[in-house]
Amino acid sequence: MAKGEKQAILILAHQVNDVLRTLIQQFDSILFDIFIHFDQKFYTASLGQELQSLVQTSQVSVIATQSVTWAAPSVMRAELDLMNHAFNSGHYRYFHLLSGQDLAVKSATTIYNFFDSQDAQFFEIRAVNSPVAIDRVTYRYPLVESVGKKRNFFWILQKACLLFQKGLHIKNQQAFLLENQLAYASQWASMTNEFVEALLMQKSELQTIYRQALVPDEIYKATFLVNNTKRFTYHNRNYRFISFNGNSPKTISTSQEVQELLESENFFARKFSPENQLLELIRKATIEKEELDDQVEAM
């Protein structure tokens, strides 16, 4: 990879608020371009124009190809569409996948300079061939796009469908599972141009393999990575801070938490409240101290 190339910020978003606005403005720089996939259910043309108006320097591009449901294959499809759109828009040394509820806790120049000196992938792989991950691919979840986080009628039907498959030992993707290690990881990662290109070459196959999987966004990229370690090196750290309460990230709510994040080795953190006055602390630490001369020197 050639050093000194731009990097791409990839954002999966479903609402416009001050967190997303701040995240976009944090990377408004000659060092980065910004690509956003907005949940199709909530997207309007005026919304896209508003997001593009937030920057002065970066290119901001907004797509809305998928109606996204939590834990469903539509999340994976949105990621792949976003990566494909960014990859075809220019040559970027790194692609950083983020949520619209994330913020940077370091300056754009600091983040750029770190990754400009790297050649590896940055993932947070939590397990390989874990029973939970294998179940997510082995069994079909045909109603997952209708379930999401809701405990509704479709949730009951899907539970019954799962029990039926297990009772009759009906299994899916056995050839794929025999030939590949299955990795479970954080959805969020920083990936090189070469890795994204190779992943996108498998886009159609990936969508077939995981078309009825559960939470495939936490599996498909990491699985591709661990089965291609001869081609791609990786660090098992994604430099993202997330603390969970069950299935949902906890909201960062105190100035002490923010200060600890600013002083940590992490580059990104999640999640923040749009009404939170802590946003201003982060803005001052990551945007107002950023100088154009530093950016030019980094290039």
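Remember, predicted model here, so these are calculated numbers, not experimental data. Basis for what follows: all heavy atoms, side chains included, without hydrogens, waters or symmetry-related copies.
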**Prompt:** Angle class for the Y92/F35 ring planes (parallel below 30°, perpendicular above 60°, tilted otherwise)?
**Reply:** perpendicular

**Asked** Looking at the rings of F114 and F267, which for Trp means the six-membered one, are their centres under 6.0 Å apart?
**Response** yes

**Request:** Determine whether F195 and F224 make a side-chain contact, defined as any pair of heavy atoms from C-beta on separated by less than 4.5 Å.
**Result:** yes

**Prompt:** Between S58 (side chain) and F27 (backbone), is there a donor-acceptor pair under 3.5 Å?
**Reply:** yes

**Prompt:** For the rings on H96 and F122, is their centre-to-centre separation under 6.0 Å?
**Reply:** no

**Message:** Can you confirm whether the side chains of S243 and R270 place a donor and an acceptor under 3.5 Å from each other?
**Reply:** no

**Check: T192/Q121 side-chain N/O donor and acceptor closer than 3.5 Å** = yes

**Joint cluster assignment, M76 & V215, ILVMFWY side-chain distance < 4.5 Å** = no

**Request:** Determine the minimum heavy-atom distance between F38 and L20, stating which atoms define it.
**Result:** CE1-CD2, 4.2 Å

**Prompt:** So, for D28 and V55, which heavy atoms are closest and what is the spacing to 0.1 Å?
**Reply:** OD2-CA, 3.3 Å

**Message:** Could you go through Q212 and Y139, starting from their C-alpha distance and side-chain angles, then the distance that decides it, and tell me whether this counts as side chain to side chain donor-acceptor pair (under 3.5 Å)?
**Reply:** CA-CA 8 Å; Q212 290 187 331; Y139 300 106; over 6 Å; no

**Prompt:** With a 3.5 Å cut-off and no angle check, do the side chains of T251 and S253 form a donor-acceptor pair?
**Reply:** no

**Item:** Exercise: do Q52 and Q59 side chains pair donor with acceptor under 3.5 Å
**Value:** no

**Request:** Look at the rings of F176 and Y210 and say which category their plane angle falls in: under 30° parallel, 30 to 60° tilted, over 60° perpendicular.
**Result:** perpendicular

**Request:** Inspect the surroundings of NZ in K203 and state if more than 12 heavy atoms from other residues, nucleotides or ligands are less than 6.0 Å away.
**Result:** yes

**Asked** Side chains of T286 and Q26: do they bring a donor and an acceptor to under 3.5 Å?
**Response** yes

**Message:** Show, in sequence, the C-alpha distance, side-chain angles and deciding distance for T254 and E257, and conclude whether the side chain to side chain donor-acceptor pair (under 3.5 Å) test is met.
**Reply:** CA-CA 5 Å; T254 69; E257 288 177 295; 3.2 Å; yes

**Asked** Would you say the side chains of H37 and Q66 form a donor-acceptor pair under 3.5 Å?
**Response** no

**Asked** Looking at Y239, is R237 sitting on its ring face, NZ or CZ under 6.0 Å from the six-membered ring centre and within 45 degrees of the normal?
**Response** yes

**Message:** Please determine whether residues I24 and I30 belong to a single hydrophobic cluster, defined as Ile, Leu, Val, Met, Phe, Trp and Tyr linked transitively by side-chain heavy-atom distances below 4.5 Å.
**Reply:** yes

**Message:** Counting only heavy atoms not in Q174 (residues, nucleotides, ligands), do more than 12 fall under 6.0 Å from its CD?
**Reply:** yes

**Asked** Sub-3.5 Å donor-acceptor pair from the side chain of T65 to the main-chain atoms of D81, do we have one?
**Response** no

**Message:** So which atom in V105 and which in L261 form the shortest heavy-atom distance, rounded to 0.1 Å?
**Reply:** CG2-O, 3.8 Å

**Prompt:** Judged by modelled atom types alone, do S248 and K271 share a side-chain donor-acceptor pair under 3.5 Å?
**Reply:** no

**Prompt:** Taking NZ, NE, NH1 and NH2 as the nitrogens, is one of them in R93 or D116 under 4.0 Å from a carboxylate oxygen of the other?
**Reply:** yes

**Asked** Does a salt bridge link E124 with R126, judged by any charged N lying under 4.0 Å from a carboxylate O?
**Response** yes

**Prompt:** Are E194 and R231 ion-paired here, with the side-chain N under 4.0 Å from a carboxylate O?
**Reply:** no

**Prompt:** Can a salt bridge be assigned to the pair R77 and E145 using a cut-off of 4.0 Å between side-chain N and carboxylate O?
**Reply:** yes

**Request:** For S273 and E275, test the side chains for any donor-to-acceptor distance below 3.5 angstrom and give the result as yes or no.
**Result:** yes

